[in-house]
Amino acid sequence: MPTRFFNTYSRELEEFHPLDPAGKRVKLYTCGPTVYNFAHIGNFRAYVFEDLLQRHLEARGFDVERVMNLTDVDDKTIKGCRQLGVRLAEFTKKFKDAFFEDIGTLRIKRAKDFPAATDYVAQMIEMIRVLEKKGIAYQAEDKSLYFRLSKFPEYGKLAHLNLDELRPGVRVQSDEYEKENIGDFALWKAWDENDGDVKWDSPWGPGRPGWHIECSAMATALLGPEIDIHCGGVDNIFPHHEAEIAQSECVTGKKFVRYWMHCAHLMVEGQKMSKSAGNFYTLRDLLEKGWTGREIRYALITVNYRLPLNFTFDGLSAARSALQRIDEWTERLKLHAGLQIPISEYFSTTLAGMNPKEATSYLLSKYKVVSGSELRKDTDGILAYGERFFDALDDDLNISGALSHLFNLVRETNRALDAGTLTDGQAVIALHVRNQIDSILGLSPDIRNIPAAVLALVEQRQVARANKQWAESDRLRDAVAELGWVVKDTKEGPKLTPKD
RNA sequence: GGCGGAGUAGCCAAGUGGGAAGGCCGAGGUCUGCAAAACCUCUACGAGUGGGUUCGACUCCCACCUCCGCCUCCA
């Protein structure tokens with residue numbers, strides 16, 4: 001099944017093929033945060049969606065080159081640093097650091113580059129110079145440079161807006177009367193006293209870049225004039241992405257982006273998230289309430305990116321239950337397969353580069369679970385669940401459909417475990433499928449080594465239980481609990497999970 | 001006013017012109033020293049409303065209702 005994505009530009013599902021003649025490299029540009037504050041969960045919905053996209057493309061064998069920008073100069077960052085009386089770089093550093101910490105918490109894979117706007121001012125100036133030479137950029141009375149929209153009739157095609165019918169919005173700045181056309185957007189903003197010491201020299205005098213030009217400059221500098229996929233929130237479609245197209249294509253003469261993908265907004269408890277409504281949450285707010293990164297990730301990732309996501313505490317709670325169920329299932333399989341080492345270890349680097357068949361035979365040789373031919377026969381069904389999971393994601397990242405296959409696998413194998421009909425080989429293969437799926441979902445619990453003291457207590461408890469010394473057994477369970485672990489007796493033996 | 005998205009069980013949410021996935025919650029049961037987990041069974045005779053096309057519509061068409069987004073620097 002070919003991978004298909006919904007392209008905002010065409011408003012249709014399109015088969016995905018990268019520009020790379022070898023069909024392998026994918027150039028992905030994703031709009032990143034403006035580092036004037038801690039990012040909120042709405043922001044992270046977009047980043048988690050982009051992470052899912054990247055991981056799925058990688059699972060399908062693509063080599064994804066992703067760039068995510070950091071907007072570290074704009075009205076809000078300038079305002080923020082001026083209020084605190086610190087330098088811009090100092091102000092934004094705090095939020096850049098927080099951002100990286102947050103994406104780590106949410107297990108979002110690092111992009112290849114995280115270019116900061118302030119490091120690419122020279123490239124932006126160069127682009128603006130080219131536009132000026134072509135008669136597309138002009139300097140207005142206020143010394144700022146604007147993009148002459150009349151030179152780019154394509155403007156509005158991504159958003160499907162007819163410019164002639166545009167009703168002037170309430171947010172049109174009254175101080176932009178110098179522009180030739182109300183829609184012309186700023187490429188370069190001339191310095192004024194509100195900018196303090198935030199300014200760069202340019203052929204047009206001191207100032208700072210407009211917002212849109214940074215993405216055009218950084219995308220072009222790092223990925224070249226033609227990008228395969230460009231992502232962002234729907235609110236970026238207009239005007240930001242339109243402006244990017246206009247700037248980039250006027251400079252390079254090439255089609256800037258081949259597939260545009262935008263995620264819908266997030267609501268909180270059915271309401272638009274806003275500080276005034278009291279339902280505005282940063283990632284840190286949720287962590288403080290006791291939710292974990294993977295729970296939040298799950299809640300954000302499990303609704304198709306094109307649908308508005310209603311983020312609720314019920315939803316987080318459901319995420320927690322679902323994850324615990326997957327954890328229990330994983331542990332059960334591990335015990336059954338006789339693999340006593342952490343899952344991260346036995347499915348680590350060696351297996352990462354293997355296709356399913358290679359990985360399967362590796363596992364078989366390593367753990368000698370059953371003979372090969374016997375295994376093939378009774379594991380095809382299990383492997384099929386994994387295939388269906390990825391096939392679902394091929395359909396515009398249909399995560400709901402994909403998850404249904406995971407949970408069907410969970411139920412099927414649990415049932416077989418209960419019935420005593422699951423073979424060691426099937427358990428290993430189920431683990432393998434689980435791990436392939438997790439390479440997309442990134443939902444494994446944090447690996448914690450079981451302290452020797454806990455293990456010793458559990459062993460003592462097993463002895464007590466064998467002798468039917470129930471009081472002693474319960475005492476030992478409490479002792480284990482005091483060390484932060486929960487012990488559960490299963491058919492497969494005692495199972496330890498960290499107490500959250 | 002223009003453009004676009006969405007209405008499926010208590011909540012979240014898929015696929016599909018002919019048997020309405022899956023998750024969470026809930027009820028009953030099996031297992032278990034206890035606990036927990038797991039498993040089994042049950043939980044929408046109906047898909048915002050009203051029409052139409054069709055042998056047959058949740059799915060296609062029309063109208064209406066409701067919600068949401070964008071319309072010049074919010075993911």
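If you're wondering where the values come from, they're calculated on a predicted model, not measured in any experiment. Just so it is clear, the values below take in all heavy atoms, side chains as well, and ignore hydrogens, waters and symmetry mates. Reminder, nothing fancy here: chain letters follow the sequence lines and each chain counts from 1.
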From [options], pick the nucleotide closest to the side chain of [X]?
| X | options | value |
| --- | --- | --- |
| A:Pro239 | B:C73, B:C24, B:C12 | B:C73 |
| A:Leu307 | B:C70, B:A14, B:A38 | B:A14 |
| A:Tyr47 | B:A75, B:G33, B:A13 | B:A75 |
| A:Asn414 | B:G33, B:C39, B:U72 | B:C39 |
| A:Ser321 | B:C24, B:C34, B:C68 | B:C24 |

Please name the nucleotide paired to [N] by Watson-Crick or G-U wobble geometry with both distances under 3.5 Å, or report none.
| N | result |
| --- | --- |
| B:C58 | none |
| B:A38 | B:U30 |
| B:U16 | none |
| B:G69 | B:C3 |

For [N], take OP1 and OP2 only and decide whether either is under 4.0 Å from a side-chain N or O of [X].
| X | N | result |
| --- | --- | --- |
| A:Arg332 | B:A37 | no |
| A:Arg325 | B:C39 | yes |
| A:Arg11 | B:C3 | no |
| A:Lys76 | B:C74 | yes |

If the [atom1] atom of [N] is compared with that of [M], how far apart are they to the nearest Å?
| N | M | atom1 | result |
| --- | --- | --- | --- |
| B:G29 | B:G7 | P | 38 Å |
| B:G15 | B:G22 | P | 15 Å |
| B:C25 | B:C71 | C1' | 41 Å |
| B:A21 | B:A9 | P | 14 Å |
| B:C24 | B:A37 | P | 12 Å |
| B:C12 | B:U54 | P | 37 Å |
| B:U30 | B:A35 | P | 13 Å |
| B:C65 | B:G51 | C1' | 14 Å |

(request) Can you spot which of A:Tyr155, A:Trp211, A:Tyr146 makes a side-chain contact (heavy atoms from CB on, under 4.5 Å) with A:Phe185? (result) A:Tyr155
(request) Apply the side-chain contact (heavy atoms from CB on, under 4.5 Å) test between A:Leu403 and each candidate in A:Asn398, A:Thr302, A:Ile437; give the one that qualifies. (result) A:Thr302
(request) For the residue pair A:His262 and A:Trp260, categorise the inter-ring angle as parallel (less than 30°), tilted (30 to 60°) or perpendicular (more than 60°). (result) parallel
What is the distance from [atom1] of [X] to [atom2] of [N], rounded to the nearest Å?
| X | N | atom1 | atom2 | answer |
| --- | --- | --- | --- | --- |
| A:Asn69 | B:A75 | CG | P | 10 Å |
| A:Leu316 | B:A13 | CG | P | 14 Å |
| A:Glu269 | B:C12 | CD | C1' | 12 Å |
| A:Met273 | B:G69 | CE | P | 13 Å |
| A:Gln324 | B:A38 | CD | P | 9 Å |
| A:Tyr305 | B:G5 | OH | P | 13 Å |
| A:His265 | B:C70 | NE2 | C1' | 9 Å |
| A:Glu328 | B:A35 | CD | C1' | 13 Å |

What is the nucleic acid contact for [X], judged by heavy atoms within less than 4.0 Å: base, sugar-phosphate only, or nothing?
| X | answer |
| --- | --- |
| A:Gly315 | nothing |
| A:Arg465 | base |
| A:Arg208 | nothing |
| A:His40 | base |
| A:Ser317 | nothing |

(message) Any carboxylate oxygen within less than 4.0 angstrom of a Lys/Arg side-chain nitrogen, looking at A:Arg465 and A:Asp474?
(response) no
For [X], which of [options] qualifies under side-chain hydrogen bond (donor to acceptor under 3.5 Å, both in side chains)?
| X | options | result |
| --- | --- | --- |
| A:His212 | A:His240, A:Glu242, A:Glu244 | A:His240 |
| A:Arg411 | A:Asn408, A:Thr413, A:Asn414 | A:Asn408 |
| A:Asp51 | A:Arg297, A:Arg66, A:Lys109, A:Arg107 | A:Arg297 |

(request) Would you kindly check if the NZ (Lys) or CZ (Arg) of A:Arg306 is within the cone defined by 45 degrees around the ring axis of A:Phe6 and under 6.0 Å from the six-membered ring centre? (result) yes
(request) Check RNA chain B against residues 404-413 of chain A and give the residues with a non-hydrogen atom under 4.0 Å, in numerical order. (result) A:Ser404, A:Phe407, A:Asn408, A:Arg411
(message) Using every non-hydrogen atom in the two residues, find where A:Met261 and A:Tyr305 come nearest and quote the distance to one decimal.
(response) CE-OH, 3.4 Å
(request) State which residue, out of A:Asp72, A:Asp74, A:Asp75, fulfils the salt bridge (Lys or Arg N to Asp or Glu O under 4.0 Å) condition with A:Arg208. (result) A:Asp75
(request) Please tell me which of A:Gly210 and A:Asp474 maps to the more 5' nucleotide of RNA chain B, matching each residue to the nucleotide holding its nearest heavy atom. (result) A:Asp474
(message) Can you work out whether A:Leu403 or A:Pro308 has the more 5'-proximal nearest nucleotide on RNA chain B?
(response) A:Pro308
Distance criterion of 3.5 Å, no angle test: do you see the side chain of [X] paired donor-to-acceptor with the base of [N]?
| X | N | result |
| --- | --- | --- |
| A:Lys488 | B:C34 | no |
| A:Arg415 | B:C40 | no |
| A:Asn236 | B:C73 | no |

(message) Could you walk me through whether A:Leu53 and A:Phe5 satisfy the side-chain contact (heavy atoms from CB on, under 4.5 Å) test, starting with their C-alpha distance in whole Å, then the side-chain angles of each, then the deciding distance to 0.1 Å, before giving a yes or no?
(response) CA-CA 10 Å; A:Leu53 172 64; A:Phe5 297 129; 3.5 Å; yes
(message) Within this structure, what is the OG1-CG distance for the pair A:Thr330 and A:Leu323, rounded to the nearest 0.5 Å?
(response) 10.0 Å
Nucleotide N/O of nucleotides 60-62 of chain B paired with protein N/O under 3.5 Å:
none

(message) List the residues meeting ring pair (Phe, Tyr, Trp, His ring centres under 6.0 Å) with A:Trp329, not counting sequence neighbours, and say none if there are none.
(response) none
